[in-house]
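Encoded as structure tokens, the structure appears first; notes follow it.
Per chain, numbering begins at 1; letters A, B, ... match sequence-line order.
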Number of protein chains: 2
Amino acid sequence: MTTSFSISRRAQALTSSAIREILKVTERPEVISFAGGLPSPATFPVERMREATEKVLRDAPHAALQYGPTEGFAPLREWIAERLGRAGAAIRPSQVLVTTGSQQGLDLLGKVFIDEGSKVLVEAPSYLGALQAFSLFQPAFSPMASDEQGVVVDALAPGQLAGGRFMYCLPNFQNPTGRRLPGERRTALVAKAAEAGVPIVEDDPYGELYYAGEPLPSLLSMNPDGVVYMGSFSKVLAPGLRLGYVVAPEAVLGKLVQAKQAADLHTPSFSQRIVHEVVRDGFLDQHIPTIRALYGRQCELMLDALDRHFPEQVRWNRPEGGMFIWVTLPEGIDSTALLARAIERNVAFVPGAPFFAADPRRNTLRLAFVTVPGERIEAGVRVLGELLREVLAEHAGLAA
Amino acid sequence: MTTSFSISRRAQALTSSAIREILKVTERPEVISFAGGLPSPATFPVERMREATEKVLRDAPHAALQYGPTEGFAPLREWIAERLGRAGAAIRPSQVLVTTGSQQGLDLLGKVFIDEGSKVLVEAPSYLGALQAFSLFQPAFSPMASDEQGVVVDALAPGQLAGGRFMYCLPNFQNPTGRRLPGERRTALVAKAAEAGVPIVEDDPYGELYYAGEPLPSLLSMNPDGVVYMGSFSKVLAPGLRLGYVVAPEAVLGKLVQAKQAADLHTPSFSQRIVHEVVRDGFLDQHIPTIRALYGRQCELMLDALDRHFPEQVRWNRPEGGMFIWVTLPEGIDSTALLARAIERNVAFVPGAPFFAADPRRNTLRLAFVTVPGERIEAGVRVLGELLREVLAEHAGLAA
């Protein structure tokens, strides 16, 4: 008899992500890719990492290479709590769980909060990696209406909130839209969720990447008992370390710790100690401003190119931080079909549809700008602009 | 309204592991602990790691710190396939998924194979971390009868195999028992599973740690199309890196890759490149024999102490490799109660009951010997022996 591998229902529903397939195409060097969500490697503090690694392997090699506690390296947990405290959220180190990238936090939250059919409120659109992680636990997604400023809090009816296991939000420079939720909407959203008794999961990998001015208060700082917060070192240090964290009320954290123990025992001791060594004396306070400046310049280059090359029927936002611009094409233009034609011309982006848990807006797309050199931003946007004019002309021809 | 965190049914069933709670107690330096499953830090190749880390940060710092492919670092996947090939299993690199410790492999297998109520065959006893990882997906465990040599293949009835999603086995120096499945039982087990069409999951973290002679053939080498194999660098290099791997037929691997993408995107690029640098030129062929020699000496020390100090009514095995000895007390002696009294005398071990998916044998316990200095092995075993004599006398008194 041939061995039969019976796949679970949750895994049968898994499909390879659009982003993943697209990234394969964009590995060709001639492709100008606005598709990847990668931070710029120019921002990786290599020298600093080298020094920290040397120090860890000199001062504590055996501890760095041995099993460690599931909750994470205690001094790193303390550092995280202290840093969130400086940003206005009173957090104890015992509320911090270090995770293997913030993606793992999403998996653990899915495990701990979602039963089959559980209602989970998500932004429309939302981060694809979160939709994938949660989907494995077979929730019923309830998309929240959004506009150019993010979730439209006034449109959130009590009936939609009722019975929600949690509400998943990226208030800062959201992936995929680059939108930032304004301060007054934050206050209203936190109040509304608290009133309904629904926890908020605040995913904040991009919060430090504002180009100018001051950060807005976190949802966590507004209601520490009702918010689970997720942070990451991927966008402020380097993603190849896979280091993130979840902050939650202690009772919830205990369940997340148990789920993490079964998931990978603990996040690598080695990388936790290296990162703690890198950040412990305030390095990020000098380092992050250089990332903000670079990303702000890159964003400006792309906005300038869009202004000059894109047809006037196309709309996009002007992000105040982060790594993404969200483009809305005229109704009826499908960005997935557009992508196929763009790739023939060696330009790539991510179609918007996969970011919607339901009712995809197929006329949207995401542009990432932080890893592309200025002259290639200009060239790629010009090619896309020409293609869009052709497509719009065809579309007008068909409609006539 | 207070925010209410509704916990999923699977997470409600999570309880903190006995091992975990015990490890907390054994952090006191005065405790002689035979409880931990930690490899000996004396075996960590610190100098070699230092050189490899320097080289990676010199030659490929940006790639090492950037996001990487979910499947793993290609040269490391090639190395793993090549090494398994040397051990007699013809494997392609495309069948290898690098995981964040082999614990993550267990989580991914649970996600991909287990629906609520799915039958999963496990050894009795089996690795606690596997039982925990699988339990999150709510299987129906079906324990396989075992004796001193491991699974009793002749006792496996077709009815027990029928409909099994998979059979989970640790054929080499099993955690917790230290047992090695003999060659003829391997052949019979693989044939029986293949006949029933049931996949085998072969978990093999200790396979290289035989004290003498030659390794036995892996189940994978006997039927590559019907076995999912899990390996680890934790016991041959260092566990703090969290680096393991799963080998599976390509169709299954694709599902595991998709599940891993949602779990943590990928295993840290940095540690994958370091480990590849450490192992690429045959280092393990010189290094692993030093671990075998150390662990063999440690095992001999403990067996010698057990022979001298333990009462004759107590039974234990004489492992041919690995890190554990399994002790069977006379019927009616509960090792969990014994542990409480042992800890009062500053000696710790792990009770056997949690390692059973059902029908725990409460008169069993696990002793780990690789991290404890010789004089403390002697002292700890003497204390345990004295305690056991007391307990046996009380027990005889009660029975009289």
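Of all the listed residues (B:Pro268, B:Pro239, B:Ser269), the one sharing the greatest number of non-hydrogen pairs under 4.5 Å with chain A is B:Pro239. Interface remark: of the candidates A:Ala238, A:Gly101, A:Ser6, A:Ser6 forms the most heavy-atom pairs closer than 4.5 Å to chain B. Most heavy-atom pairs under 4.5 Å with chain A, from the set B:Gly105, B:Gly226, B:Ala133, B:Ala263: that is B:Ala263. Between chain B and the residues A:Thr99, A:Val252, A:Asp264, the largest count of heavy-atom pairs under 4.5 Å involves A:Asp264.
Side-chain rings of A:Phe166 and A:Phe134 approach one another, their centers coming within less than 6.0 Å.
At a heavy-atom cut-off of under 4.5 Å, chain A is reached by B:Arg58, B:Pro61, B:His62, B:Ala64, B:Leu65, B:Gln66, B:Tyr67 from residues 58-68 of chain B, listed in order of number. Using a 4.5 Å cut-off between non-hydrogen atoms, the part of residues 106-115 of chain A that approaches chain B consists of A:Asp107, A:Gly110, A:Lys111, A:Val112, A:Phe113, A:Ile114, A:Asp115.
Between B:Arg9 and B:Glu116, at least one side-chain N (NZ, or NE/NH1/NH2) sits under 4.0 Å from a carboxylate O, which counts as a salt bridge.
Atom CG of residue B:Leu256 and atom CG of residue B:Leu97 lie 6.5 Å apart, to the nearest 0.5 angstrom. With rounding to the nearest 0.5 angstrom, the CD atom of B:Gln103 is 10.5 Å from the OG atom of B:Ser232. The CG atom of B:Leu14 sits 5.0 Å away from atom CD of A:Gln258, with the distance rounded to the nearest 0.5 Å.
Of the atoms belonging to A:Thr53, it is side-chain heavy atoms, and not backbone ones, that fall under 4.5 Å from chain B. For B:Leu131, no part lies near chain A; criterion is any non-hydrogen pair under 4.5 Å. Interface residue A:Ser234: only side-chain heavy atoms are found under 4.5 Å from chain B. Using a 4.5 Å cut-off between heavy atoms, A:Ile200 makes no contact with chain B at all. Neither the backbone nor the side chain of A:Val56 comes within less than 4.5 Å of any heavy atom of chain B.
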Considering only distance and modelled atom types, tabulate donor-acceptor pairs under 3.5 Å from the side chains of residues 35-49 of chain B, sequence neighbours left out.
| residue | atom | partner | partner atom | Å |
| --- | --- | --- | --- | --- |
| B:Ser40 | OG | B:Ala42 | N | 3.2 |
| B:Thr43 | OG1 | B:Ser40 | O | 2.7 |
| B:Glu47 | OE2 | B:Arg50 | NH1 | 2.2 |
| B:Arg48 | NE | B:Val278 | O | 3.3 |
| B:Arg48 | NH2 | B:Val278 | O | 3.0 |
| B:Arg48 | NH2 | B:Asp281 | OD1 | 2.7 |
| B:Arg48 | NH2 | B:Asp281 | OD2 | 3.4 |

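The main-chain N or O of A:Arg242 is never found under 3.5 Å from a side-chain atom of A:Thr100 such that the two would form a donor-acceptor pair. With hydrogens and angles disregarded, no donor-acceptor distance shorter than 3.5 Å links the side chain of A:Gln95 to the backbone of A:Glu250.
Nearest heavy-atom pair across B:Ala196 and B:Leu161 is CB-CB, 3.8 Å.
In this pair, B:Phe137 and A:Phe137 present their aromatic rings parallel. The plane angle is below 30°, not in the 30 to 60° band.
Of the candidates B:Leu243, B:Thr267, B:Val246, B:Thr267 is the only one forming a side-chain contact (heavy atoms from CB on, under 4.5 Å) with B:Gln104.
For the residue pair B:Tyr127/B:Asp203, the side-chain donor-acceptor check at 3.5 Å is not satisfied.
In terms of the ring pair (Phe, Tyr, Trp, His ring centres under 6.0 Å) criterion, residue partners of A:Tyr245 (sequence neighbours excluded) are, by chain and number, A:Phe233.
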- Message: Using the rule given for side-chain contact (heavy atoms from CB on, under 4.5 Å), can you reason through A:Phe270 versus A:Leu57, listing the C-alpha separation, both sets of side-chain angles and the distance that settles it, and then say yes or no?
- Response: CA-CA 9 Å; A:Phe270 187 51; A:Leu57 282 175; 3.8 Å; yes

